[in-house]
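What you see is a predicted model; the values in this text were computed from it and never measured.
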Amino acid sequence: MAKAPSPAFRCTECGWTTAKWAGRCGECQQWGTVVEASAPTGVLGKLTPIRATDERAARPITQARADEAPRWSSGIAEFDRVLGGGIVPGAAILLSGEPGVGKSTLLLEVASRAAKTGARVLYVSAEESVGQVRLRAERTGALHDDLYLASETDLATILGHIDQVQPKLLIVDSVQTVSSSQSDGLAGQPGQVREVSAVLTRIAKERDLPILLVGHVTKDGSIAGPRLLEHLVDVVCQFEGDRHTALRFLRAQKNRFGATDEVGCFEMAGDGIAEVPDPSALFLSQNDPVAGTCVTIVMEGRRALPVEVQALINKTQAPNPRRVTNGVDPSRVAMILAVLHGRYSYDLTDHDVYISTVGGVKISEPAADLAIALALVSVIRDLALPRDLAAYGEISLSGEVRPVSVAKQRGSEGNRLGYKLLLNSDVSNDLKSVLGIAKTAAEAARPARRERELDAAF
């Protein structure tokens, strides 16, 4: 029996093998990583062991120093919150986000705040000219003598600027538009991004120079370029937000110096970007309560935020009624409609149903199930819930109200904001009972609301 031929080519990234050479790996989809299996893929064979000095010798972990790396404030509390308390010297921070979401505006504000503290900052823009950055700085009030601008796309020239300026903070916008002569290919290709990010990260560690890198994203929202880019840097932040609304969220997807469950809130304005330390009022309606609205308390990282959920139904003759959602999971809404129909005979099969949140916030956790159900029942019965009522809880297919995570913090935030009636699994684990409590509270608040309307009319 003939022996099967050994694979002649191997991918240096994932180890995928093939009998024929290919320019792109069939497993990890990286370009230029397939080489001959017999060819050396590294320099391990040429290395000779070197005895470590006493200072760098391996030692028991119990004898290792556990001093916390010093941090310095960027001047923006929401940005420092996400980073874990401030910027660590020598840290490489990658900031990604959709085009036009405000990444450059945020980093220019960070550069301005750092320059005002006396730190020399070098802002390298590989996408805009110096004049364009200057115009944006004038609009946002980010002009300062210690803020240096450069428009360069060559890595060697950027390193020359670093030697000349000697900054305390370096910002590169963006890493996909910088190229190195030591690597083949155009800027943005995996090889170039790998080389540029590796050199800048090494410079950051050698000089204790914190570097902020802007990263492009693909159509599906992931960071463009090789995955190695996210492995090399110390912190990966995602700047999120709808370009049609002013609200922005900054989240940490990776943080070697702190937790990744913090969220920073910002608001885009005509004169730049402003931090929002208490965004509670952004997701609530300012009018009197109407039928079809209910407030829930959701968790954004470690923050508990009140969010108003609104529901509207319209009778239709169409064979397939519409189910339109904005800011909530459509599959959760479909499940809640099925529970209300199957368990409690609320039939909406001949109605269009619209569910939306206020302020453009997106809710992905099941804690909003109870508020969605209350909003739907409120609009069905044409009964407005009182303003001091909030609800949070997960609804199962059996009609059970299940507890949610971080319930204590949600309750504390609700009490702080003045919600006297908090409906959750602690009140009752039966959805029918919770609906009855909400109905009683709404009927009790109706006379007082009617009296206020009459006073306003006369």
Side-chain angles (χ1 to χ4, degrees), residues 285 289-299 304 306-315 321 323-325 327-357 363-408 410-411 413-415 419-449:
S285 176
V290 296
T293 64
C294 183
V295 175
T296 185
I297 300 178
V298 300
M299 295 301 298
V307 177
E308 184 173 304
V309 179
Q310 298 181 342
L312 180 66
I313 60 174
N314 285 325
K315 193 172 182 61
R323 302 290 185 258
V324 181
T325 62
V328 295
D329 187 358
S331 61
R332 304 291 306 181
V333 173
M335 187 199 72
I336 294 170
L337 289 172
V339 172
L340 292 177
H341 185 196
R343 299 287 180 183
Y344 308 106
S345 301
Y346 288 105
D347 188 7
L348 294 176
T349 55
D350 57 348
H351 287 75
D352 293 332
V353 177
Y354 302 86
I355 305 291
S356 179
T357 58
I363 305 176
S364 58
E365 58 176 342
D369 289 355
L370 185 56
I372 295 174
L374 288 173
L376 285 169
V377 174
S378 170
V379 73
I380 292 172
R381 293 180 172 178
D382 193 21
L383 191 62
L385 298 175
R387 182 179 291 277
D388 58 354
L389 182 148
Y392 51 90
E394 179 183 357
I395 298 178
S396 67
L397 293 177
S398 62
E400 177 189 5
V401 179
R402 298 179 53 82
V404 295
S405 61
V406 205
K408 185 177 181 180
R410 297 176 199 261
E413 182 67 12
N415 293 329
Y419 293 101
K420 300 178 181 178
L421 180 57
L422 296 176
L423 300 180
N424 49 44
S425 60
D426 294 336
V427 175
S428 176
N429 59 0
D430 180 53
L431 179 58
K432 184 176 182 180
S433 300
V434 175
L435 294 177
I437 295 173
K439 177 184 177 183
T440 302
E443 290 176 344
R446 178 184 290 177
R449 187 180 305 112

- Any sub-3.5 Å donor-acceptor pair from N415's side-chain atoms to G411's backbone N or O? yes
- V353 side chain near V324 side chain, heavy-atom distance below 4.5 Å: no
- Message: Would the distance check show the side chain of R343 and the main-chain N or O of L397 forming a donor-acceptor pair, the cut-off being under 3.5 Å?
- Response: yes
- Note: C294 and A391 closest approach over all heavy atoms is SG-CB, 4.2 Å
- Might you confirm whether atom CZ of R323 has over 12 heavy atoms from other residues, nucleotides or ligands at distances under 6.0 Å? yes
- Task: Could you check if a side-chain atom of V333 sits within less than 4.5 angstrom of a side-chain atom of D329, using non-hydrogen atoms only?
- Result: no
- Could you list the residues that satisfy salt bridge (charged side-chain N to carboxylate O under 4.0 Å, His left out) with D350, not counting sequence neighbours? K315
- Evaluate the side-chain proximity of E443 to L383: yes if any heavy-atom separation is below 4.5 Å, no if none is. yes
- Message: Could you check whether any side-chain heavy atom of L422 comes within less than 4.5 Å of a side-chain heavy atom of V427, counting everything from C-beta outward?
- Response: no
- Between A291 and S378 the two heavy atoms that sit nearest each other are CA-OG, 3.5 Å
- Does CG belonging to D382 count more than 12 external heavy atoms closer than 6.0 Å? no
- Message: Any heavy-atom pair between the side chains of V295 and V307 that's under 4.5 Å?
- Response: no
- Query: Any luck finding a side-chain donor-acceptor pair between D388 and Y419 under 3.5 Å?
  - Reply: no
- Task: For the pair T349 and H341, evaluate side chain to side chain contact (heavy atoms under 4.5 Å, CB included) and give the outcome as yes or no after the intermediate values.
- Result: CA-CA 9 Å; T349 55; H341 185 196; 3.9 Å; yes
- Task: Indicate yes or no for a side-chain donor-acceptor contact from T440 to the backbone of G436 under 3.5 Å, with no hydrogens or angles considered.
- Result: yes
- Task: Please examine the side chains of R332 and E365, heavy atoms only from C-beta on, and report whether any two atoms are closer than 4.5 Å.
- Result: no
- Minimal heavy-atom distance between V298 and R410, with the atoms involved, is CA-NH1, 3.5 Å
- Note, L385 side chain near T293 side chain (heavy atom, < 4.5 Å): no
- Task: Starting from the C-alpha separation in whole Å, work towards a yes-or-no answer on side chain to side chain contact (heavy atoms under 4.5 Å, CB included) for Y354 and N314.
- Result: CA-CA 9 Å; Y354 302 86; N314 285 325; 3.9 Å; yes
- Message: The criterion is side-chain contact (heavy atoms from CB on, under 4.5 Å); which residues satisfy it with I380, sequence neighbours excluded?
- Response: I313, Y346, L348
- Message: Quick check: do L431 and V339 have side-chain heavy atoms less than 4.5 Å from each other?
- Response: yes
- Kindly indicate, with the supporting measurements, whether the criterion side chain to side chain contact (heavy atoms under 4.5 Å, CB included) is fulfilled by L423 and V401. CA-CA 10 Å; L423 300 180; V401 179; over 6 Å; no
- For the pair S396 (side chain) and E400 (backbone), establish whether a donor and an acceptor sit closer than 3.5 Å, ignoring hydrogens and angles. yes
- Side-chain donor-acceptor pair under 3.5 Å between S428 and D430, yes or no? no
- Message: Tell me whether T296 contacts the main-chain N or O of A371 through its side chain, where contact means a donor paired with an acceptor under 3.5 Å.
- Response: no
